[in-house]
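Numbered from 1 within each chain, the chains take letters A, B, ... in sequence-line order.
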2 protein chains.
Amino acid sequence: MSRDADRRELLAALHQAGRENSNAAVMFHAAVGARMGLNMTEEKSLDLLEREGALTAGEIAARTGLAPASVSGLIDRLERKGFVRRVRDNDDGRRVIVEMNREHVASFGTLFAGFVDGLEALYASYTNEQLHVILDFLRRSAAIQREATGELTSQT
Amino acid sequence: MSRDADRRELLAALHQAGRENSNAAVMFHAAVGARMGLNMTEEKSLDLLEREGALTAGEIAARTGLAPASVSGLIDRLERKGFVRRVRDNDDGRRVIVEMNREHVASFGTLFAGFVDGLEALYASYTNEQLHVILDFLRRSAAIQREATGELTSQT
DNA sequence: CCATATATTTCGTTCGGACGAACTAAATAA
DNA sequence: TTATTTAGTTCGTCCGAACGAAATATATGG
């Protein structure tokens with residue numbers, strides 16, 4: 001049963017490595033945020049806009065769980081720092097659409113230089129077939145984490 | 001050059017998926033922390049203790065960049081919530097060693113149930129060979145992120 | 001021993017971000 | 001039109017976490 005033993009070890013190692021990778025991602029994210037002058041809330045909101053595109057203030061409130069007043073303040077800060085723009089909704093003048101300012105975000109690209117280079121070198125070390133496996137894993141792992149986050153966030 | 005085209009696409013997809021996976025990890029981490037009654041600083045400190053084992057207050061200060069006074073408060077809070085213990089260092093009575101209370105952390109295991117099940121199912125869908133690739137990727141990716149975090153954190 | 005250096009804590013203060021309540025403006029219903 | 005609902009903002013307040021400076025306790029060098 002050497003095959004089984006190998007697999008058990010493998011799974012344990014994956015558990016550990018996955019944990020450490022998550023951890024490293026969190027730390028990196030925090031470090032990048034700090035360098036960009038963003039707090040956690042601001043960072044998460046930008047990520048939200050990155051993933052979902054422009055959102056109204058109300059949508060941001062719903063997604064982040066913040067009170068409307070807090071979202072106004074949040075948008076103020078992000079706008080002041082140049083990361084987003086407020087755009088009036090033509091269909092409904094009450095709404096405020098918050099658009100990410102991609103140019104400004106991109107201007108911090110140098111912060112990621114080392115990271116990007118490292119990743120490219122890493123990818124370069126794999127065959128196409130292996131990269132397909134990694135891609136599949138990343139996508140499904142992200143889905144699982146988002147699902148789990150949803151479960152934790154929905155009050156139970 | 002269909003091979004090259006495939007690879008270019010693959011790399012672009014990996015870039016995107018990697019980003020989203022990181023993001024999902026950050027969100028999940030934050031959600032777990034919120035459920036455990038921890039703020040970001042407390043979470044990061046526990047992660048630190050997880051990775052490096054027991055640390056003195058001063059070491060925590062050095063690793064987190066917090067002022068000594070802030071670390072005292074941090075340890076107070078973590079201790080009050082049951083996540084760590086203060087232990088006097090026998091070799092040097094001035095030092096305070098902070099140990100993680102693993103039992104208490106483990107008691108939140110149910111929060112991770114969905115996540116863990118999901119991951120197990122995911123891993124089950126791969127061959128040993130594929131898992132080796134994923135393991136290698138996770139480890140090297142974590143190292144790259146830690147390296148990049150270090151670069152960002154060291155004042156430059 | 002005594003003086004000085006080091007590790008941590010205590011104290012008082014400050015600051016940012018989150019909030020509820022009241023307000024403004026726009027949309028919709030009557 | 002006028003009344004009501006909805007979206008966001010403003011305002012005043014509160015709370016937690018971070019800090020510097022001073023205090024405490026222990027270690028180390030002269």
Just the rounded figure in Å: distance from [atom2] of [N] to [atom1] of [X].
X     : N      : atom1 : atom2 : result
B:N39 : D:dA18 : CG    : C1'   : 11 Å
B:M40 : C:dG17 : CE    : P     : 15 Å
A:R80 : D:dT9  : CZ    : C1'   : 14 Å
A:K81 : C:dG16 : NZ    : P     : 10 Å
A:I75 : D:dT10 : CD1   : P     : 11 Å
A:E79 : D:dT9  : CD    : C1'   : 13 Å
A:L78 : C:dG17 : CG    : C1'   : 13 Å
A:K44 : C:dG17 : NZ    : P     : 14 Å

Quick one: label [X] by what it contacts on the DNA or RNA (base, sugar-phosphate, nothing), any heavy atom closer than 4.0 Å.
X     : answer
A:A69 : base
A:L66 : sugar-phosphate
B:G58 : sugar-phosphate

Closest non-hydrogen atom pair, B:A30 against A:K44: CB-NZ, 3.7 Å
Minimum heavy-atom distance B:V84-B:L46, with the two atoms named: CG1-CD2, 3.8 Å
Is [X] near enough to [N] that one of its side-chain N or O atoms lies under 4.0 angstrom from OP1 or OP2?
X     : N      : value
B:S70 : D:dC19 : yes
B:T41 : D:dA18 : yes
A:R77 : C:dG17 : yes
B:R86 : C:dT9  : yes

5'-most by nearest nucleotide on DNA chain C - B:E59 or A:L74: B:E59
A:D89 side chain to A:R95 backbone, donor-acceptor under 3.5 Å: no
Among [options], find the nucleotide with the atom closest to the side chain of [X].
X     : options               : value
A:S72 : C:dT8, D:dA17, D:dG8  : D:dG8
B:E42 : D:dC19, D:dA7, D:dA17 : D:dA17
B:P68 : C:dT8, C:dC19, C:dT10 : C:dT8
B:V96 : C:dT9, D:dG8, C:dA18  : C:dT9

B:S45: which of B:N39, B:V98, B:L38, B:L78 passes side-chain contact (heavy atoms from CB on, under 4.5 Å): B:L78
Chi angles and distances behind the salt bridge (Lys or Arg N to Asp or Glu O under 4.0 Å) call for A:E79, A:R86: CA-CA 7 Å; A:E79 198 171 34; A:R86 267 187 174 90; 2.7 Å; yes
A:I97 vs A:R88 side-chain heavy atoms within contact, under 4.5 Å: no
B:F112 six-ring centre to B:R35 NZ/CZ under 6.0 Å and within 45° of normal: no
Contact letters for nucleotides 24-30 of chain D, in which S counts primed atoms plus P, OP1 and OP2 and B counts the base, heavy atoms under 4.0 Å: -BBS---
Modelled atom types, side-chain donor and acceptor of B:S141 and B:Q145, under 3.5 Å: yes
